[in-house]
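Some notes on the structure that comes next.
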Amino acid sequence: MSNSQKDEPPRAPARTTQLTDPHALRAYAHPTRMRLVGLLRTEGPFTATRAAELTGESVASCSYHLRMLAKYGLVEVAPGGQGREKPWRATARFTQWPNYSEDPAVAEASRALETAVAERYFELITRAIEERHDLPREWQEAEHIGDQVLYLTAEELADLGEKLDRLLRPYEDRQGDPAARPQGVRLVQIVRAAFPLPQRPAGNEETSIAPDSTGGPR
């Protein structure tokens, strides 16, 4: 490697990585692997030793899971270090997978991954609620958890998702550029989910809101 190559700045991760292989989808569904990718995106690059400190897993376990993630293109070895002390980094800021596939294996693996992701979100939300009292008042008041039930077409639902993406995108550059972060920032997890509710019998519109929905924003 030439000196000029050594002096090159670290390569910025891609915005998204696409998972379409059912084996990759199932590999990523492992809770420790999802957590490692998330940590690498916010705190990486780091070694398997550091990963063990952050997750409570053994170094050997973290090393194995990092190699599995690398096999499917979710992480890669970063410059510097050797063996278990080599640093790893995420290859992208976000992971995407198909909501729909005509391949039954892909569709089933996608559902399994989304179930694992939903379980992880539930963990994070529950922990945030339990630990809210430790936050300064302004952060406690800024947090919000709620939902809203709307009548939408499939096209409108897709369009709404794109609009939310555009709304959040200006804040993404702060992830890799500390100089772009205003004073007082902290990492905030934004969880999104939108899905059609079960169909109701015709002429029974008054029960169109699912019983387990809050029926509106907080």
Side-chain angles (χ1 to χ4, degrees), residues 1-99 101 103 105-106 109-121 123-124 165 168-181 185 187-192:
M1 180 181 291
S2 69
N3 288 334
S4 62
Q5 287 176 306
K6 288 181 180 179
D7 295 338
E8 289 178 357
R11 178 180 58 80
R15 185 173 188 271
T16 61
T17 185
Q18 299 279 345
L19 297 184
T20 55
D21 181 334
H23 298 291
L25 291 163
R26 292 193 177 280
Y28 188 45
H30 191 287
T32 299
R33 293 173 194 161
M34 282 194 290
R35 191 175 177 197
L36 283 170
V37 171
L39 286 168
L40 282 169
R41 287 170 176 168
T42 58
E43 302 191 31
F46 53 67
T47 65
T49 300
R50 178 59 177 157
E53 294 171 355
L54 292 170
T55 62
E57 300 284 332
S58 69
V59 175
S61 174
C62 288
S63 183
Y64 168 74
H65 288 308
L66 287 165
R67 291 196 304 272
M68 287 298 295
L69 289 166
K71 177 179 178 180
Y72 296 108
L74 288 157
V75 307
E76 63 186 6
V77 176
Q82 293 182 347
R84 287 183 176 175
E85 295 311 307
K86 62 189 176 187
W88 296 85
R89 63 187 176 192
T91 56
R93 294 180 179 178
F94 304 98
T95 308
Q96 293 183 340
W97 55 88
N99 285 352
S101 176
D103 183 336
V106 173
S110 292
R111 286 194 296 270
L113 174 54
E114 289 195 331
T115 298
V117 169
E119 290 170 352
R120 176 61 179 157
Y121 288 160
E123 273 181 43
L124 293 169
D165 278 337
L168 297 173
R169 190 170 289 218
Y171 302 96
E172 291 179 11
D173 289 341
R174 297 179 181 180
Q175 187 77 9
D177 183 8
R181 302 170 194 169
V185 299
L187 278 174
V188 173
Q189 182 96 32
I190 297 176
V191 178
R192 291 161 46 193

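Among residues two or more places apart in sequence or in another chain, the ring pair (Phe, Tyr, Trp, His ring centres under 6.0 Å) test is passed with His30 by His65.
When all heavy atoms are compared, the tightest approach of Leu36 to Cys62 is CD1-O, 4.3 Å. Nearest approach of Ala92 to Thr16, heavy atoms of both residues: CB-C, 3.6 Å.
Proximity of a side-chain donor or acceptor of Arg33 to a complementary backbone N or O of Ala27 within less than 3.5 Å is detected. Side chain of Thr17 to main chain of Leu74: no donor-acceptor pair is present (N/O by atom type, distance under 3.5 Å, no hydrogens or angles). Checking side-chain atoms of Arg181 against main-chain N and O of Arg174 turns up a donor-acceptor pair under 3.5 Å. Listed for the Ser63 side chain is no donor-acceptor partner under 3.5 Å among the backbone atoms of Ala48.
Atoms CZ and CG, on Phe46 and Leu54 in that order, are 5.5 Å from each other to the nearest 0.5 Å. Here the CZ-CZ distance, from Arg15 to Arg93, works out to 8.0 Å after rounding to the nearest 0.5 Å. The OG1 atom of Thr42 sits 6.0 Å away from the CG atom of Leu187 when rounded to the nearest 0.5 Å. In this structure, CG in Leu19 is found 9.5 Å from CD in Gln96, a value given to the nearest 0.5 Å. One finds the OG1 atom of Thr95 at 15.0 Å from the OH atom of Tyr72 (value rounded to the nearest 0.5 Å). The CG atom of Leu66 lies 6.5 Å from the CG atom of Leu40; values are rounded to the nearest 0.5 Å.
Under 4.0 Å is where a charged nitrogen must lie from a carboxylate oxygen, and between Glu114 and Arg111 no such pair does. Using a cutoff of 4.0 Å between basic side-chain nitrogens and carboxylate oxygens, Asp21 and Lys71 are not scored as salt-bridged.
Pairs engaging residues 35-47 under the salt bridge (Lys or Arg N to Asp or Glu O under 4.0 Å) rule: none recorded [sequence neighbours left out]. For the salt bridge (Lys or Arg N to Asp or Glu O under 4.0 Å) condition, the pairs that include at least one residue of residues 44-69, sequence neighbours left out, are Arg50-Glu53.
Counting non-hydrogen atoms of other residues, nucleotides and ligands closer than 6.0 Å to OH of Tyr171 gives a total of 12 or fewer.
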